[in-house]
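Below is one structure; the comments refer to it alone.
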Amino acid sequence: MQALRDRIEAEGQNLGGGILKVDGFINHQVDPQLMQACGQAFAEAFKAVGATKILTAEISGIAPAVMTGLHLELPVVYARKTKPITMPDQVLLTLAPSHTKGRMVELIVSPEYLSGGGKVLIIDDFLASGATIRGLVQLVHTAGSDVVGIGTLVEKTFEGGRKVLENLNIPVVSLVAIHSMEGDEIVFA
């Protein structure tokens, strides 16, 4: 998607260690017009998969997931990283490594909002190692539902996440793919 790529080229920063700083328009300050366009692109890509719900991880996946939900007219559930007191005692929970936090994080969903028999579309900000998305897939399967598609704003192809997801036989769509991040360069695929 050219608009997202243009924004990364203009404002994205390679912080080293595979960290791409895009917090001025994706994950700290959000550009609603850009996220609306990304949601439209995901809706077009996944309109035929028959999704009944969208799942993402807090916090960075929420904006593109909500915009996709708006275009597909689907509810959006996000996996929390801490359990609020309003959530039931029995929850769906998995662990996933966080690249930016440098530690394992919990992904928690209430079974009230993710239950059996659904067809779930996963939307997130990044596909890097694939660990967070694998965690989301595990939550969906634990709930007794099926994953019908995976969409990410940015794929860092050099981290191998797509290969980790290959055996799932689920369509994966990334709006922008980055081939490498050496020095302070960002090289698009």
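Values in this document were obtained by computation on a predicted structure and should not be read as measured data. This chain uses plain numbering: 1 for the first residue, then up along the sequence.
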Indicate yes or no: at least one non-hydrogen side-chain atom of [X] is less than 4.5 angstrom from one of [Y].
{"X": "Ile133", "Y": "Leu127", "result": "yes"}
{"X": "Thr82", "Y": "Glu106", "result": "no"}
{"X": "Leu15", "Y": "Leu20", "result": "no"}
{"X": "Ile26", "Y": "Leu4", "result": "yes"}
{"X": "Ile150", "Y": "Leu136", "result": "no"}
{"X": "Thr52", "Y": "Lys119", "result": "yes"}
{"X": "Phe42", "Y": "Leu72", "result": "no"}
{"X": "Arg134", "Y": "Leu165", "result": "yes"}

Is it the case that one hydrophobic cluster holds both [X] and [Y], taking links as side-chain heavy atoms less than 4.5 Å apart, direct or via other members?
{"X": "Leu153", "Y": "Val22", "answer": "yes"}
{"X": "Leu121", "Y": "Phe126", "answer": "yes"}
{"X": "Leu114", "Y": "Ile122", "answer": "yes"}
{"X": "Leu139", "Y": "Val105", "answer": "no"}
{"X": "Leu107", "Y": "Val120", "answer": "yes"}

Notebook entry, point to check: Should we count CZ of Phe158 as having more than 12 external heavy atoms under 6.0 Å?
Noted result: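 Above 12, so yes.
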- Does atom NE2 of His141 have more than 12 heavy-atom neighbours, drawn from other residues, nucleotides or ligands, at distances under 6.0 Å?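 Correct, the count exceeds 12.
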| said: Rounded at 0.5 Å granularity, tell me how far CG in Asp125 sits from CG in Asn27. | reply: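 CG of Asn27 is found 6.0 Å from CG of Asp125.
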> Which distance, rounded to the nearest 0.5 Å, do you find between the CD1 of Ile62 and the CD1 of Ile54?
Replying inline: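 Reported to 0.5 Å precision, the distance equals 12.5 Å.
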Q.
Any carboxylate oxygen within less than 4.0 angstrom of a Lys/Arg side-chain nitrogen, looking at Glu9 and Arg5?
A.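 Salt bridge present between Glu9 and Arg5.
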Test item: [X] side-chain N/O and [Y] main-chain N/O as donor-acceptor pair under 3.5 Å:
{"X": "Thr56", "Y": "Tyr78", "answer": "no"}
{"X": "Lys53", "Y": "Tyr113", "answer": "yes"}
{"X": "Glu159", "Y": "Ala128", "answer": "no"}

request  = Looking only at non-hydrogen atoms, find the nearest pair between Val66 and Val76 and report the distance.
outcome  =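 Closest pair (atom of Val66, atom of Val76, distance): CA-CG2, 3.9 Å.
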Note to self: For a quick test of reading the model, state the closest non-hydrogen atom pair linking Met1 to Ala41 and the distance between them.
What the structure shows: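 Result for this residue pair: SD-CB, 4.4 Å.
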Validation: residues 83-97 side-chain donor-acceptor distances under 3.5 Å, sequence neighbours left out:
unit_1, atom_1, unit_2, atom_2, d
Lys83, NZ, Met87, O, 3.4
Lys83, NZ, Pro88, O, 3.4
Thr94, OG1, Gln138, OE1, 3.1

Which pairs of donor and acceptor atoms, one on a side chain in residues 172-188, lie under 3.5 Å apart (sequence neighbours left out)?
unit_1, atom_1, unit_2, atom_2, d
Ser174, OG, Thr152, OG1, 2.8
Ser174, OG, Glu155, OE1, 2.9

Which atom pairs, one a donor and one an acceptor, fall under 3.5 Å between side chains of residues 32-39 and the rest of the protein, sequence neighbours left out?
unit_1, atom_1, unit_2, atom_2, d
Gln36, NE2, His71, NE2, 3.0

